[in-house]
Amino acid sequence: MSRAAPDDRTTESVDSQALPSWLEPEPQPARITSGDALPVIMAVAAVAAGLSGQQPTGNAGADFVYTAAFAGLIVWMAHRAPVQAVVAMSALAMLFTAFTIPAAITGLIGLSISVIVMTQPRLDADRQRLLLAVSAGFASFTILHLPSFRFSGSASIAAALAATPVLVGGFRVLSTAHRRRARWATGAIAAFGLGATALATMAGALVVDDVQSGIDQAQEGIDALEDGDQAEARGLLELATDNLTRSHDVLSGPLTWPSKVVPILAQQTRAVETAVDQGATLAETAERVVTTADVEQIRGSNGAIDLDLVRNLDVELSAANGVITSARDSLRSVQTPWLLPPLASSIGDVDDDLAIAADDIALANLGTRVMPRILGGDGLRRYMVMFTQPAEAREFGGFMAAYAMLEADNGQLRLAEAGPALEILAAPDEDVEFDSLRYPQHYLSRNPHLFPQNLPSTADLFTIATAAAELVPKWKQDPGYTIDGLITLDPYALAAMLELTGPLPMAGRPEPATADTIVEFLLRGQYQEFEVGERTERLDSLGELAGITFEQLLSIDVPGPEELGRIFGPVARQNRLTFTTFDVEETLFLERVFLTAPLPEVAEGVDLLGVYSQTGIASKLASYETRDLRFEVTVDPSARTAVGTGTISITNNVPEAASPYVTGDVIDGTSPVEVVVYSRSELAGAQEWSGKYEAFELPAQSY
């Protein structure tokens, strides 16, 4: 039986375009898989990490590559790792942030995404992988911004711990081929790191002796400089420069090149290299300063100081100051959390030493900047010299017994005049006008405008200088006769001057004044050697001594700053030698070298108690006084009050043979003493007790 031939219409092909629209298949949207998005997520995380500013090596290019590669690797591994591993990494990263911004924000976002993935089983596997990669991107940024904890390098340890779950979890699911490549890559990196470490260690071993020698020689050179041995200091600093420069050449050479791209190791190598480099630079700078800018060359000869030498020294010290500032900046630039604790500590110690050296250089630099002005480099300067006498107490130590006028013009010093204090008054019978609004009331009560011996009747040197500057032109009856500053000296400062000049003759005395005898003579002896009726002769003798001392001082070769510091440093620190001008920068320098006798500076809310005594009558009993101060404070926390009670006991041990010069005009055996108290607290009241003057021995007086 034969099959019938099909109809021709059934064998024709059907044109799809001819189908009705309702029969056409719906277009399917293109879906982006996690595999498609992974390169984009890795790239974004890598760029963000590379721009994060982290410095595992200190090399900008290498640091960008390392941090970018780290973030990319974390994202790639998280895409494959179990969800629990990503959650663990995000949780550890969040924990180690100690809630610091911005690490805590990105850590919270990463942790939230990973927790959502773990708690939403309805998500398909591809979406889970995509979200885990995004979570890892945030977590990688957090890991790179972990803070250090109690020790250097703790952030690196925390980062390694946080990344471990994903790295281990991801490695376990890699294919055999990928595992093999990972092992080979890890081995190659480790071998490179070990080789770089070995070469850097070899470089360190080659220079360790030279570095130590350079450090020792630099220190010995500084010691020699302090001892005044310029030649020895210059030779030692030259050797130190050679040793440290040679060491730096090795540490910056081929042996250390590989280490500079190895994380953590690079930081150590660069820190050592920088420290040695700055050491060599500092030693070279010190050598140049010692050679071309010798401070000891600034010496007075016949009352003249070479101001050009001072200005040249100022240029060298400015350069040295800049070198030290640059060295400190360089050392701070290598002080990163990646440094090993011993090296970080050593770098910190060096920076502390440089800070001290910088302060010393800055002070010397300030001195060389202002000294030309003080010495009349910009025009004539005139300074009043006030010789104070503590035998008759004033707040600033003693009354003004004698004065001198010292002039400085382009480095040349000369004594214009000198004499007893009362000679400063050109017209003592005339009423001298005084701007009383500029001064404390208790100072005005001593009438310094009428009695120049009372100028030191306040504890503030600048107030005394201001009063002198206002009064001298009036006393001289010459508005053009002005002063630019004030110098004060007491007997101990005068003794220091005599140490330079040697013994000096005194009118009316067979024995010359010497550094060993002048203090006792001025405080007590003069009032025993001269009779009461010889007051004029005594004052003339003192005025003449003041003039002769300065004339002799300005005619000899004065030693350099080191020796001057040895002689005058102690009396300056004891406020027995003071100096101030009316220029802010000059006063700042003078204050730094302990010449302005400032009142102590205390913090806000801290009380200050200063007790000063002033002789109440024309006597010289103060040189025989001893004083005891007791201050007790009762604090009431509930009332937020503190009440202090001070007791000042003044005991006088004047000998029976004391002359009327010493005892003065005692009244009924009593010698009043004015006590001035400086305090931030309010004075509630005072009680006075006075004993009788018997057998020339005064019992204690308390106020």
Side-chain angles (χ1 to χ4, degrees), residues 386-402 420-422 445-448 450-457 490-492 494-495 506-509 511 513 517-543 545-546 576 611-629 647-676 686-703:
M386 181 184 298
F387 294 89
T388 61
Q389 169 55 292
E392 187 174 323
R394 297 292 185 273
E395 278 191 43
F396 203 73
F399 76 102
M400 182 170 70
L422 293 180
S445 68
R446 307 296 289 191
N447 294 318
L450 298 177
F451 305 104
Q453 63 268 36
N454 287 343
L455 274 172
S457 297
D490 77 352
Y492 293 90
L494 189 59
M506 284 192 66
R509 295 191 74 227
E511 299 294 332
T517 63
I518 189 63
V519 173
E520 177 62 26
F521 171 76
L522 291 178
L523 290 179
R524 302 180 182 91
Q526 62 170 311
Y527 304 112
Q528 299 172 2
E529 294 186 18
F530 289 91
E531 298 294 335
V532 176
E534 298 175 334
R535 182 172 184 270
T536 302
E537 291 82 353
R538 181 175 59 82
L539 294 179
D540 289 343
S541 177
L542 295 177
L545 175 62
R576 300 183 183 281
V611 179
Y612 301 84
S613 60
Q614 301 196 122
T615 303
I617 59 173
S619 72
K620 303 299 181 288
L621 293 170
S623 60
Y624 297 94
E625 289 178 353
T626 58
R627 186 172 62 185
D628 178 65
L629 169 64
T647 302
I648 301 99
S649 300
I650 301 175
T651 304
N652 203 296
N653 299 303
V654 63
E656 294 184 10
S659 71
Y661 266 148
V662 176
T663 58
D665 301 325
V666 293
I667 304 173
D668 296 331
T670 300
S671 175
V673 177
E674 181 184 50
V675 176
V676 181
Q687 294 179 341
E688 178 178 343
W689 175 87
S690 175
K692 291 294 183 179
Y693 182 80
E694 298 176 355
F696 295 97
E697 292 185 5
L698 288 179
Q701 302 178 50
S702 301
Y703 298 85

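Only heavy atoms go into these numbers, but all of them, side chains included; no hydrogens, no water, no symmetry mates. All residue numbers refer to positions in the sequence shown, counting from 1.
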Could you tell me if the side chain of [Y] sits less than 4.5 Å from the side chain of [X], heavy atoms only?
X      : Y      : result
Asp628 : Ile648 : no
Pro390 : Pro491 : yes
Arg627 : Leu629 : no
Lys620 : Phe399 : yes
Gln526 : Met506 : no

Practice task
Decide if atom CD of Glu511 counts as having more than 12 heavy atoms of other residues, nucleotides or ligands within a radius under 6.0 Å.
Solution key: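 Atom CD in Glu511 is not crowded, with 12 or fewer foreign heavy atoms closer than 6.0 Å.
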Over all heavy atoms of both residues, which pair between [X] and [Y] is shortest? Give the atoms and the distance, please.
X      : Y      : value
Ala546 : Ala402 : CB-CB, 4.5 Å
Ser457 : Arg446 : CB-CG, 3.6 Å
Ile650 : Val675 : CD1-CG2, 4.3 Å

Gap separating the [atom1] atom of [X] from the [atom2] atom of [Y], nearest 0.5 angstrom:
X      : Y      : atom1 : atom2 : value
Thr615 : Arg394 : OG1   : CZ    : 6.0 Å
Ser445 : Glu674 : OG    : CD    : 6.0 Å
Phe396 : Asp490 : CZ    : CG    : 10.0 Å
Met386 : Gln453 : CE    : CD    : 11.0 Å
Leu523 : Tyr624 : CG    : OH    : 9.0 Å
Ile518 : Leu545 : CD1   : CG    : 5.0 Å

Exercise for the section: List for me each residue that meets side chain to side chain donor-acceptor pair (under 3.5 Å) alongside Glu395, sequence neighbours excluded, and say none if there are none. Expected result: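 Residues passing side chain to side chain donor-acceptor pair (under 3.5 Å) with Glu395: His442, Tyr678.
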Practice task
Could you tell me which residues satisfy side chain to side chain donor-acceptor pair (under 3.5 Å) with Thr517, sequence neighbours excluded, listed by chain and number?
Solution key: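 If we apply the side chain to side chain donor-acceptor pair (under 3.5 Å) test to Thr517, skipping adjacent residues, the hits are Thr514.
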Exercise for the section: Tell me, please, which residues at least two apart from Glu625 pass salt bridge (charged side-chain N to carboxylate O under 4.0 Å, His left out). Expected result: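 Scan of Glu625 (salt bridge (charged side-chain N to carboxylate O under 4.0 Å, His left out), adjacent residues dropped) gives none.
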Problem - Side-chain (Gln389) to main-chain (Leu522) donor-acceptor, under 3.5 angstrom - result: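 Present.
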